[in-house]
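Remarks on the structure that follows.
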Amino acid sequence: MELCRLAMVMSLFLVMFNSKRTYMYINGPGGDLTPSMAIYDTMQSLQSPIGTHCVGYPYNLADFLLAAGEKAYDIQNEANELLRIRDYLFKELAEKTGQPVEQVHKDLSRIKRFNAKEALDYGLIDRIIRPPHIKADAPRKEAGV
């Protein structure tokens, strides 16, 4: 119920200062009927459009709220905004890791997993912490051996 109240208050607050589209990012199992309907009623009563984006798995009433939002008619603008945010994040990560932006873009445009040593070499972490009874150069045991 508290999350519902927060979503409604934030929606009302944001529309006071912004007559453009406001976005609601949805990820979750839905929830109780009464709070979900309160969020829905708030979305429908606002003069500014509420765009909804799914950022995970919307189940049950979260599906309903996702469908209740204004549909993104201008897909190109949405795509450009996502690319702008991605480029900003890559630039920030390049500064933090010391890697060239091109390298960060190449490495992270697709899913890349780093082990501890690779993360250290890349500049993602400062150090590797191991329990005191394991030597730093000890080989890893295979699972089930």
**Item:** Linked, directly or transitively: M37 and I50 (ILVMFWY side chains, under 4.5 Å)
**Value:** yes
**Asked** Would you call K91-D87 a salt bridge at under 4.0 Å N-O?
**Response** no
**Request:** Please name the pair of heavy atoms, one in Y122 and one in V104, separated by the smallest distance, quoted to 0.1 Å.
**Result:** OH-CA, 3.4 Å
**Asked** So, for A94 and P100, which heavy atoms are closest and what is the spacing to 0.1 Å?
**Response** CB-C, 4.2 Å
**Message:** To check you understand the geometry: which heavy-atom pair defines the closest contact between T52 and L66, and what is its length?
**Reply:** OG1-O, 2.6 Å
**Asked** Any sub-3.5 Å donor-acceptor pair from N115's side-chain atoms to K117's backbone N or O?
**Response** yes
**Request:** Indicate, with yes or no, if L46 and M43 share a hydrophobic cluster defined by side-chain heavy-atom contacts under 4.5 Å among Ile, Leu, Val, Met, Phe, Trp and Tyr.
**Result:** yes
**Fill in**
Output for pair (H105 NE2, R110 CZ), nearest 0.5 Å, gives 9.5 Å
**Fill in**
Here the gap from F64 atom CZ to I26 atom CD1, rounded to the nearest 0.5 Å, amounts to 11.0 Å
**Asked** Which pair of non-hydrogen atoms, one from S109 and one from F90, has the smallest distance, and what is that distance?
**Response** OG-CE1, 4.0 Å
**Fill in**
Heavy-atom nearest pair, A116 first then I125, reads O-CD1, 3.6 Å
**Asked** How long is the gap from OH on Y40 to CG on L61, to the nearest 0.5 Å?
**Response** 12.5 Å
**Request:** Could you tell me whether the side chain of E95 reaches within less than 4.5 Å of the side chain of E92, counting heavy atoms only?
**Result:** yes
**Transitive ILVMFWY side-chain link L124 to L89, under 4.5 Å** = no
**Request:** Kindly give the heavy-atom pair with the smallest separation between L120 and D126, and that separation in Å.
**Result:** CD1-O, 3.3 Å
**Asked** Is I39 close to M24 at the side-chain level, that is, under 4.5 Å between some pair of heavy atoms?
**Response** yes
**Request:** Report the distance from atom CG of D63 to atom OG of S36, rounding to the nearest 0.5 Å.
**Result:** 11.0 Å
